[in-house]
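Sharing a structure, written as structure tokens. Questions coming.
Note that the structure is predicted; figures quoted are calculated from it, not measured.
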Amino acid sequence: MSKERLTAFEDAILAIIMTILVLELRKPSEITLQGFWSLHANFFAYTLSFFWIGTMWVSHHNNWQHVQKINLNTVMLTLVLLFLASLFPYTTSIVSDHFSNVTAQVFYGIIIILISLLNVVISVNLGKLNPKAHFGLLYTIPTRIVYLDLLFKVLGLILAVTIYPPAMMISIFCASSLLLLSFNRA
């Protein structure tokens, strides 16, 4: 399989997932400012999910330009990544409807952490196949930023389980902001 075919498939799946996300947004019971404000958790969950997936897509798009060779491992890892990403509309809907629920936040967080780890594994795989690309743990993002990203998410998971369930989404927001800032420097 060519890298172009795989990236086109990934682009299509991520676009569909991002479109389904908006279809899962609840509508206010009354069309007023207060009605929309009552759905602020839904809008936050949607926005975080949309931009998290969008950031992943931008990262892949920018870095896969340096990829010349892929293998079956790359294809299979990408399929697993897309499978987990396809759960975003479902997990986003659950967490937006039950924002302060530990199980909802942990489920959402585990999906994010698994996708983050898969992105690392894919980057390492591609780095071995394409040494001239100079990929690290997560493409060209500095290793310390990747570790901080994962640390934020794991700490968010721990805090969500033990103290404050929304800490999971807050940690994902902070980790995503850190990654976005590193894109400008990479």
Side-chain angles (χ1 to χ4, degrees), residues 9-62 80-120 138-139 141 145-186:
F9 178 67
E10 182 180 29
D11 287 351
I13 298 298
L14 292 179
I16 291 167
I17 291 167
M18 293 170 85
T19 302
I20 293 170
L21 277 172
V22 75
L23 299 175
E24 294 292 322
L25 267 178
R26 288 188 15 220
K27 293 170 184 66
S29 55
E30 55 184 64
I31 307 300
T32 63
L33 188 56
Q34 184 179 3
F36 279 103
W37 177 251
S38 69
L39 298 174
H40 65 276
N42 294 74
F43 285 107
F44 178 70
Y46 163 74
T47 303
L48 183 61
S49 294
F50 184 92
F51 283 104
W52 198 87
I53 293 171
T55 301
M56 181 176 69
W57 176 79
V58 168
S59 174
H60 285 211
H61 175 74
N62 288 342
V80 174
L81 178 124
L82 292 173
F83 167 75
L84 291 170
S86 74
L87 292 170
F88 264 106
Y90 181 68
T91 59
T92 301
S93 176
I94 289 172
V95 81
S96 66
D97 288 343
H98 306 282
F99 199 76
S100 295
N101 180 285
V102 172
T103 305
Q105 289 283 348
V106 167
F107 183 43
Y108 184 87
I110 287 172
I111 296 300
I112 293 271
I113 291 168
L114 288 174
I115 291 172
S116 298
L117 292 171
L118 268 166
N119 275 315
V120 167
L138 191 57
Y139 303 111
I141 295 172
I145 300 294
V146 177
Y147 285 136
L148 280 173
D149 171 71
L150 293 170
L151 178 65
F152 278 12
K153 292 170 184 167
V154 170
L155 285 175
L157 186 66
I158 292 167
L159 291 172
V161 170
T162 59
I163 298 172
Y164 181 63
M168 187 71 249
M169 291 195 92
I170 293 167
S171 72
I172 292 166
F173 175 78
C174 292
S176 298
S177 299
L178 179 70
L179 283 177
L180 282 173
L181 290 173
S182 73
F183 282 172
N184 293 335
R185 295 181 184 151

Q: Would you check if the side chain of Ser86 reaches a backbone N or O of Phe83 as a donor-acceptor pair within less than 3.5 Å?
A: yes
Q.
For Ala45, is there any backbone N or O sitting under 3.5 Å from a side-chain donor or acceptor partner on Ser49?
A. yes
Q: Compare all side-chain heavy atoms of Leu150 with those of Ser116 and state whether any distance is below 4.5 angstrom.
A: yes
Q: Look at the aromatic rings of Phe88 and Tyr108 and report parallel, tilted or perpendicular, splitting at 30° and 60°.
A: perpendicular
Q: Decide yes or no for Ile141 and Asp149: does some side-chain heavy atom of the first lie under 4.5 Å from some side-chain heavy atom of the second?
A: no
(Q) Quick check: do Leu118 and Leu114 have side-chain heavy atoms less than 4.5 Å from each other? (A) no
Q | Exceeds 12 heavy-atom contacts within 6.0 angstrom, atom CG of Leu33 | A | no
Q. Quick one: does Asn101's side chain get under 4.5 Å of Val106's, heavy atoms only?
A. no
Q) Does Thr19 use its side chain to pair, donor to acceptor, with the backbone of Ala15 at less than 3.5 Å? A) yes
Q: Check Leu48 against Phe173 and note the closest heavy-atom contact, atom names and distance.
A: CD1-CA, 3.8 Å
Q. Any sub-3.5 Å donor-acceptor pair from Ser171's side-chain atoms to Met168's backbone N or O?
A. yes
(Q) If we count only N and O atoms by modelled type, under 3.5 Å, do the side chains of His60 and Asn119 hold a donor and an acceptor together? (A) yes
(Q) Assess the residue pair Phe51 and Leu180 against the criterion (side chain to side chain contact (heavy atoms under 4.5 Å, CB included)); give the C-alpha distance rounded to whole Å, side-chain angles, the decisive distance to 0.1 Å, and a yes or no. (A) CA-CA 10 Å; Phe51 283 104; Leu180 282 173; over 6 Å; no
Q: Report yes or no: does Ser38 contribute a side-chain atom to a donor-acceptor pair with the main-chain N or O of Gly35 at less than 3.5 Å?
A: yes
Q: Hey, can you tell me if Phe36 and Phe43 have their rings parallel, tilted or perpendicular (30° and 60° cut-offs)?
A: tilted
Q) What class does the angle between the rings of Trp37 and His40 fall in, given that below 30° is parallel, 30 to 60° is tilted and above 60° is perpendicular? A) parallel
Q) Should we count CZ of Phe44 as having more than 12 external heavy atoms under 6.0 Å? A) yes
Q) Is a donor on one side and an acceptor on the other found under 3.5 Å between the side chain of Gln105 and the backbone of Ser100? A) no
Q) Taking side chain as C-beta onward, heavy atoms only, is Thr55 less than 4.5 Å from Val58? A) no
Q: Check whether any side-chain heavy atom of His61 sits under 4.5 Å from a side-chain heavy atom of Asp11, and report yes or no.
A: no
